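Everything on this sheet refers to the single structure shown next.
Side chains included, hydrogens not; waters and symmetry mates left out as well; all remaining heavy atoms used. Each chain gets a letter, A, B and so on, in the order the sequences are listed, and its residues count up from 1. This structure is a prediction, so every number in the text was calculated from the model and none was measured.
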There are 2 protein chains.
Amino acid sequence: MPDSSRRSCSPEFALLGFLYLQPGHGYDLHRRLTAELGEIWRVSQSQTYNILKRLQSQGYLTARRVTQEKLPAMQTLEITPAGRARFEAWLAAPSGGGVRAVRLDFLTRLYFARQLDPSRLPAMLADQTERLRQTVARLEVRQASGEINRLSLQLRIRQLRSVLEWLEECAETFTRTPEPEDRPGS
Amino acid sequence: MPDSSRRSCSPEFALLGFLYLQPGHGYDLHRRLTAELGEIWRVSQSQTYNILKRLQSQGYLTARRVTQEKLPAMQTLEITPAGRARFEAWLAAPSGGGVRAVRLDFLTRLYFARQLDPSRLPAMLADQTERLRQTVARLEVRQASGEINRLSLQLRIRQLRSVLEWLEECAETFTRTPEPEDRPGS
DNA sequence: TATACTTACTCACTCAGTGAGTATATCCGA
DNA sequence: TCGGATATACTCACTGAGTGAGTAAGTATA
């Protein structure tokens with residue numbers, strides 16, 4: 001794994017989540033991913049297929065070939081019980097305490113929690129805030145050797161603080177609009 | 001490539017840069033990387049070797065086997081003219097306008113520019129600031145569909161703004177201490 | 001009638017990254 | 001003195017991230 005606390009560095013849980021909500025096929029899942037979470041995950045079509053293939057080989061999805069009248073044949077993907085369990089575990093577990101984890105993992109969890117269990121949103125936001133505070137505290141006492149390492153550390157701390165501010169704004173947004181209106185697939 | 005503007009998503013230029021300054025071998029380069037730029041690049045030893053092997057296969061480095069009296073044999077790596085050119089081009093070219101580019105690419109360039117041509121530092125900082133301002137401006141007019149995409153966009157803008165603040169602090173640091181005292185390899 | 005787009009996917013490739021393993025030498029304490 | 005920890009210096013096999021081009025059909029458009 002690249003740097004730190006990478007539970008999911010690819011949109012695998014987003015894809016799993018779409019299929020948790022309803023079955024679908026690769027082409028469509030890619031479109032939904034870019035439409036619904038395009039500011040979070042920027043993946044190519046082939047990469048989407050790569051991930052789906054892996055999820056399938058790991059037993060989280062099953063595929064069924066469907067021939068269509070006029071359009072090319074497609075593989076309808078369905079989530080397995082193992083896949084459902086995996087997704088639920090992911091959704092319930094906290095995200096990491098880094099910037100990246102918030103930008104990717106946490107935001108994706110927000111997206112699904114909003115649709116599946118909006119009552120958990122305040123707790124999720126509070127937990128994440130706490131986690132980030134801990135990370136900041138840890139970095140603040142850390143000493144780096146050399147000017148560049150010090151600057152890098154300062155940058156990371158600043159970044160984390162701005163995530164904390166953003167989380168406050170987030171909390172506001174969700175208390176203002178407790179019910180999601182723009183449900184996907186409608 | 002993962003998300004956006006990834007000129008160098010691995011410490012290849014840092015390694016090339018170390019060898020630009022003086023020849024060395026893999027083990028030592030990895031140690032220097034973690035010591036000098038450990039807050040920027042967090043790579044395993046084997047990954048360092050992977051990158052070095054690639055640089056070698058691309059003709060930017062040459063290796064020479066050296067047998068030692070008591071210690072294991074090692075490969076001394078030397079930069080080629082093509083490698084020097086590549087490094088110089090990288091050092092002179094601007095970094096991307098994203099957070100990641102600053103955290104990785106730009107900071108690494110700062111590290112080397114400080115040693116090789118400190119007079120360019122103010123210009124580098126100014127250029128990078130300008131680039132980031134442009135990115136912010138671009139994102140501010142962009143509209144995202146859906147609450148989550150909007151939140152993600154707001155987060156990115158906040159992140160960029162905090163990088164801008166950090167750049168100001170950076171400029172201060174470098175005007176206060178124009179001469180680097182902690183040169184490596186001394 | 002040509003051509004360009006949409007649907008739906010496949011393939012071959014490079015790069016990122018890890019974790020364990022190998023082999024030798026030195027140091028340090030019981 | 002003997003055994004274990006640590007340092008030097010790499011290697012290997014593996015999974016996963018990511019791209020870009022290609023394929024093959026139907027459908028709209030000019």
Gap between atoms [atom1] and [atom2], on [X] and [N] respectively (whole Å):
{"X": "B:H30", "N": "D:dA9", "atom1": "NE2", "atom2": "C1'", "answer": "12 Å"}
{"X": "A:L61", "N": "C:dC9", "atom1": "CG", "atom2": "P", "answer": "13 Å"}
{"X": "A:L104", "N": "D:dA17", "atom1": "CG", "atom2": "P", "answer": "12 Å"}
{"X": "B:Q56", "N": "C:dC15", "atom1": "CD", "atom2": "C1'", "answer": "17 Å"}
{"X": "B:R32", "N": "D:dT8", "atom1": "CZ", "atom2": "C1'", "answer": "17 Å"}
{"X": "A:E12", "N": "D:dG18", "atom1": "CD", "atom2": "P", "answer": "11 Å"}
{"X": "B:L15", "N": "C:dC15", "atom1": "CG", "atom2": "P", "answer": "15 Å"}
{"X": "A:I51", "N": "D:dG18", "atom1": "CD1", "atom2": "P", "answer": "7 Å"}

If you only use heavy atoms from C-beta on, which nucleotide in [options] is closest to the side chain of [X]?
{"X": "B:S10", "options": "D:dG18, D:dA9, C:dA16", "result": "C:dA16"}
{"X": "A:Y49", "options": "D:dA9, C:dG17, C:dC9", "result": "C:dC9"}
{"X": "A:Y27", "options": "D:dT8, C:dA8, D:dC10", "result": "C:dA8"}
{"X": "B:K53", "options": "D:dT11, C:dG17, D:dA9", "result": "D:dT11"}

Exercise. Is the phosphate of D:dA17, meaning OP1 or OP2, less than 4.0 Å from a side-chain N or O of A:R54?
Worked result: yes
Exercise. Under 4.0 Å between a side-chain N/O of A:R31 and OP1 or OP2 of C:dT6, yes or no?
Worked result: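 For C:dT6, neither OP1 nor OP2 has a side-chain N or O of A:R31 closer than 4.0 Å.
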For this session: Identify, between A:N50 and A:Q75, the residue whose nearest nucleotide on DNA chain C lies closer to the 5' end.
Result: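 Nearest nucleotide further toward 5': that of A:Q75.
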Exercise. Any side-chain heavy atom of A:L155 sitting closer than 4.5 Å to one from A:Q159?
Worked result: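 Of all side-chain heavy-atom pairs linking A:Q159 with A:L155, at least one is under 4.5 Å.
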For this session: Consider only side-chain N and O atoms of B:T62 and B:E78, and report whether a donor and an acceptor are under 3.5 Å apart.
Result: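 Not at all, the side chains of B:T62 and B:E78 share no donor-acceptor pair under 3.5 Å.
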For this session: Using atom types as modelled and distance alone, determine if a side-chain donor or acceptor of A:S95 lies under 3.5 Å from a backbone N or O of A:A101.
Result: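 Answer holds: no.
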Exercise. Linking Ile, Leu, Val, Met, Phe, Trp and Tyr through side-chain heavy atoms less than 4.5 Å apart, which residues share a cluster with A:Y49?
Worked result: A:Y27
Anything under 3.5 Å between a protein N or O and an N or O of nucleotides 19-22 of chain C, put it in a table, one pair a line.
residue : atom : partner : partner atom : Å
C:dG19  : O6   : B:S46   : OG           : 2.8

Problem set entry | B:T135: side-chain hydrogen bond (donor to acceptor under 3.5 Å, both in side chains) partners, not counting sequence neighbours |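 Applying side-chain hydrogen bond (donor to acceptor under 3.5 Å, both in side chains) to B:T135 gives none.
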For this session: Could you tell me whether A:E12 and A:R86 have a side-chain N and a carboxylate O separated by less than 4.0 Å?
Result: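 Here A:E12 pairs with A:R86 in a salt bridge, since their nearest N and O are under 4.0 Å apart.
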Problem set entry | Option from B:F87, B:F13, B:W90 for which ring-ring contact (aromatic ring centres under 6.0 Å, His included) with B:Y20 holds | B:F87
